[in-house]
Each structure stands twice: as C-alpha cells, then as structure tokens.
Protein chains: 2
Amino acid sequence: MEETSHHSEQLRLHGQKITKQRLGILAVLETADTPLTAQDIHLRLNLEQFPISLSTVYRNLDRMLAEELIVKQGFYNDKCQYAIKRSEHFHSLICLACRKVVTIEECPLEQFSRDLGRREGFQITEHHMELYGYCPECVRKEGIASHAPKAT
Amino acid sequence: MEETSHHSEQLRLHGQKITKQRLGILAVLETADTPLTAQDIHLRLNLEQFPISLSTVYRNLDRMLAEELIVKQGFYNDKCQYAIKRSEHFHSLICLACRKVVTIEECPLEQFSRDLGRREGFQITEHHMELYGYCPECVRKEGIASHAPKAT
DNA sequence: TTAGGTGCAAAAGTTTTGCGGGCTG
DNA sequence: CAGCCCGCAAAACTTTTGCACCTAA
C-alpha cells in the first residue's frame, strides 16, 4: 500500500515505533469512509487475516489521539469513533442512513465564536459541530421524504 | 418545590406515571447548572437522602429521552450527559474548567445548512454544535492565559 | 541489546435485563 | 385491583491494567 510509507513517517516523527499493528490501524482508518469505533477497527483487521488484540487497538488509539494523528469524531450508540486527522480544522456532514461522512472545510463559527465570547465574557477555545441528514444516494434508494429540519 | 407540579404535568401528558423517582430525576436535572451523566444523577439523589437505584435512573432516562422531556447534551469522559429539554433549538457554551453551561439561543447554522445541503445534494435534518472555553470566573481564578482557538 | 510494544487474562466501569414485590391511578 | 414501576442481582459490554514474552531500532 502506498499510504504505508506516509504512516511510517508520521509514526517516526511522533516517536512511536513502527509496528504492523500501528500501520494496520492507520490503514483501516485511512480506508474507511466513516469514523470507526475500537471494536470496528479490531473486527476489520481480524477479518483481513490480520490478528490484533483489542487491548492493542485501545492502547494505540489513546496514543495516536494524544499525538494528534487521529481525532475523535462523533458517536455511534454512545461509543466514540475515531478517524484519521486530515486537516487542522474541519467539520462533518454525516448520512443518518449509511453513516457516510463528507468533510466540510468551511466553518461558519469563527466569527460567531469571537462575537459570542466577547458578549459572554468567555474565552472560547474550541468548538464541535456536526451536521446530519441523508445523502443523495440514500434519499433516492430509501425514498426519504422531505421534512422540516430540527437541531440538537 | 414549585417545579414539581410542572414536572408532574409533563409526565402525565406523556403517559408516564408520576413517581418520586421520576420527579427526583427531573428535579436534579432542573437544578443542575451542567448536563449530568446517569451516575451523577444517581449520586446526587442518594446524597439528598433520596435512595434510588441506578437501573431506575437508566430506565427513566431512556424513557424521558424517547418522550423528549430531556436531551443528550455533550459528553464527559466519553459518557453521555443528559439535561432538561428547555427549548426547541439551542446550543451550549461550556466551561472546560468548571463544566458550567451557558445556553445560546441564536444559531448561525440555519442558513449555512440550507446552502450546504443544496451544494452537496444532502437533505440536512439536524445538527450538533457546542462551544468550549473558559468562563469569566475560571479565567480570573485560575489565571488561564489567552491562547489561539482550535476546533474539532 | 533494550526500551517499548504486544497478547492474554483479569479487573474495572458502564449499561441492560429478568424477576418478585410495591405503588399509582 | 391492574398495570406499570422499582430495587436487586446478574448479565452483557466497553475500556483499562498487570505481566511475561517479543520485536523494532
């Protein structure tokens, strides 16, 4: 795989040893078109004839999170999901039917945060934002009717 | 407590029996100035000489969530938190030091969602958004230095 | 060679479920 | 008094940890 050398480089830069397991985790996350839970990763690697223990997955996710090679992105059934960190700042548009994720580079919250922070006296340092809906394919396939947006 | 009659009314409207336990959960959430985990609620009720079992807390949170008396709002150590549903649509500004929450009624995402949905062909139905930072008190007390915002 | 990584098994922590008894309406 | 609800205990899961062995550098 061509990505592997890039991942090796990243691991080296962050002072982590290059192991089959770490490359495997990164490769799975790289390939996935949705964020994955620890279990998802474990399952996929084992299906690919790539035995790895679940504790190794957890340990490495923690480590990679600390080194900011990956990010926590969204939740599925109250379990957190992980994804490759692709850019400094992005948001996600997530299909509620097939869980596909589209990355949004623009962010309408920069200006909003500054104004709000000034007004409330808060020092705002970060934000989370995800948009949910149905992707074109799922709208077509599942005949999802148009309905008014709600938010949480 | 004055809120109790309001809560009783809500429970009745949603076809739930009025029990001490349910009123207790709603009262705790009403009083709290941060969203709470199931454990938080259990602990607070028991401290108030109000014995309740943890499974009852979980069962009723699920039920109240389904009936939309409460909402899931944010995560703390990867555990989900619950809060009284106060309005159709709001967002939160959360202090990273003391976990205090300020509710934001305005939303910069309405227009953004419409435009984005049109561009991506998505039917966007909802969104999540939370802002994080340090409240005036914590900035003062803990002398938190100014630093560049980051986002996730 | 050796520090750090891995697998296994056990522990810790969270959430769900079955059941007998109790309370609300 | 009937049906729903509660507490308790056990089960099902998710995540963390200790330890002996292994491997990348």
Side-chain angles (χ1 to χ4, degrees), chain A residues 4-5 7-28 35-67 69-70 72-82, chain B residues 4-5 7-28 35-67 69-70 72-82:
Chain A
T4 300
S5 64
H7 290 155
S8 302
E9 181 62 14
Q10 279 195 304
L11 290 172
R12 192 174 302 114
L13 286 174
H14 288 271
Q16 297 183 235
K17 289 194 174 171
I18 295 162
T19 64
K20 288 192 299 279
Q21 291 83 346
R22 280 173 186 161
L23 291 175
I25 292 171
L26 289 171
V28 166
L36 303 176
T37 66
Q39 301 268 8
D40 291 335
I41 296 167
H42 180 238
L43 195 62
R44 291 194 188 200
L45 284 174
N46 283 335
L47 283 179
E48 293 174 13
Q49 324 287 351
F50 188 120
I52 185 177
S53 87
L54 190 52
S55 41
T56 298
V57 174
Y58 276 112
R59 269 191 286 239
N60 282 319
L61 287 176
D62 280 352
R63 180 80 188 272
M64 293 172 180
L65 210 53
E67 301 287 350
L69 265 51
I70 62 176
K72 278 191 197 173
Q73 189 180 352
F75 287 81
Y76 183 69
N77 268 20
D78 301 340
K79 283 169 289 191
C80 34
Q81 298 177 306
Y82 303 85
Chain B
T4 300
S5 64
H7 290 154
S8 302
E9 180 63 15
Q10 279 195 306
L11 289 172
R12 193 173 302 114
L13 286 173
H14 288 271
Q16 297 183 233
K17 289 195 173 171
I18 295 162
T19 65
K20 286 192 301 278
Q21 289 83 349
R22 280 173 187 162
L23 291 175
I25 292 172
L26 289 171
V28 167
L36 303 175
T37 65
Q39 303 267 8
D40 291 335
I41 295 167
H42 180 239
L43 196 62
R44 292 194 187 199
L45 284 173
N46 283 337
L47 284 178
E48 293 175 13
Q49 323 288 351
F50 188 120
I52 184 176
S53 87
L54 189 52
S55 40
T56 298
V57 175
Y58 276 111
R59 267 192 286 240
N60 282 318
L61 287 176
D62 280 352
R63 181 79 189 270
M64 291 172 180
L65 210 52
E67 300 288 349
L69 265 52
I70 63 176
K72 278 190 196 173
Q73 189 179 352
F75 289 82
Y76 183 68
N77 267 20
D78 301 341
K79 282 169 290 191
C80 34
Q81 298 176 304
Y82 303 84

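The shortest heavy-atom contact between I18(A) and S8(A) is CD1-O, 3.7 Å. Listed here is the closest heavy atom pair of K20(A) and F50(A): O-CZ, 3.1 Å.
One atom, CZ of R63(A), and another, C1' of dT16(D), lie 17 Å apart when rounded to the nearest Å. The nearest whole Å value for the distance from the CG atom in L26(A) to the C1' atom in dG5(C) is 15 Å. One can place CD1 of I25(B) at 13 Å from C1' of dG7(D), the figure rounded to the nearest angstrom. Following rounding to the nearest Å, N60(B) (CG) and dT24(C) (P) show an atom-to-atom distance of 14 Å. Look at CD on E67(B): it is 14 Å from P on dC4(D), rounded to the nearest Å. In this structure, the NZ atom of K20(A) is 13 Å from the P atom of dC22(D), given to the nearest Å. Taking atom CG of L11(A) as the reference point, atom P of dT6(C) lies 10 Å away to the nearest angstrom. When rounded to the nearest whole Å, the span between CG of L45(A) and C1' of dG7(C) equals 15 Å.
Among the nucleotides dG25(C), dC6(D), dA3(C), the one closest to the side chain of T56(B) is dC6(D). Among dC5(D), dG7(D), dT16(D), the nucleotide with an atom closest to any side-chain atom of D62(A) is dT16(D). Closest contact between the side chain of K17(A) and the listed nucleotides dC5(D), dT16(D), dA25(D) involves dA25(D).
In terms of position on DNA chain C, the residue among A38(B) and S53(A) whose nearest nucleotide sits closer to the 5' end is S53(A).
Base engagement by L54(A) is indicated by at least one non-hydrogen atom pair under 4.0 Å involving a base atom. Contacts of I52(B) with the nucleic acid, taken as non-hydrogen atoms under 4.0 Å apart, involve only primed sugar atoms and P, OP1 or OP2.
In this model, a side-chain donor or acceptor of S55(A) finds a partner on the base of dC8(C) within 3.5 Å. Applying the 3.5 Å distance criterion, the base of dG7(C) shares a donor-acceptor pair with the side chain of R59(A). At a cut-off of 3.5 angstrom, the base of dC6(D) holds no donor-acceptor pair with the side chain of T19(B).
Here the side chains of I52(A) and I25(A) are in contact, with some heavy-atom distance below 4.5 Å. A heavy-atom distance below 4.5 Å is not found between the side chains of T56(A) and T19(A). The shortest side-chain heavy-atom distance between R22(A) and H7(A) does not fall under the 4.5 Å cut-off.
Contact check, Q39(A) against dC13(D): no side-chain N or O comes under 4.0 Å of OP1 or OP2. At the phosphate of dG7(C), OP1 or OP2 sits under 4.0 Å from a side-chain N or O atom of Q21(A). Not one side-chain nitrogen or oxygen of Y58(B) sits closer than 4.0 Å to the OP1 or OP2 atom of dT16(C).
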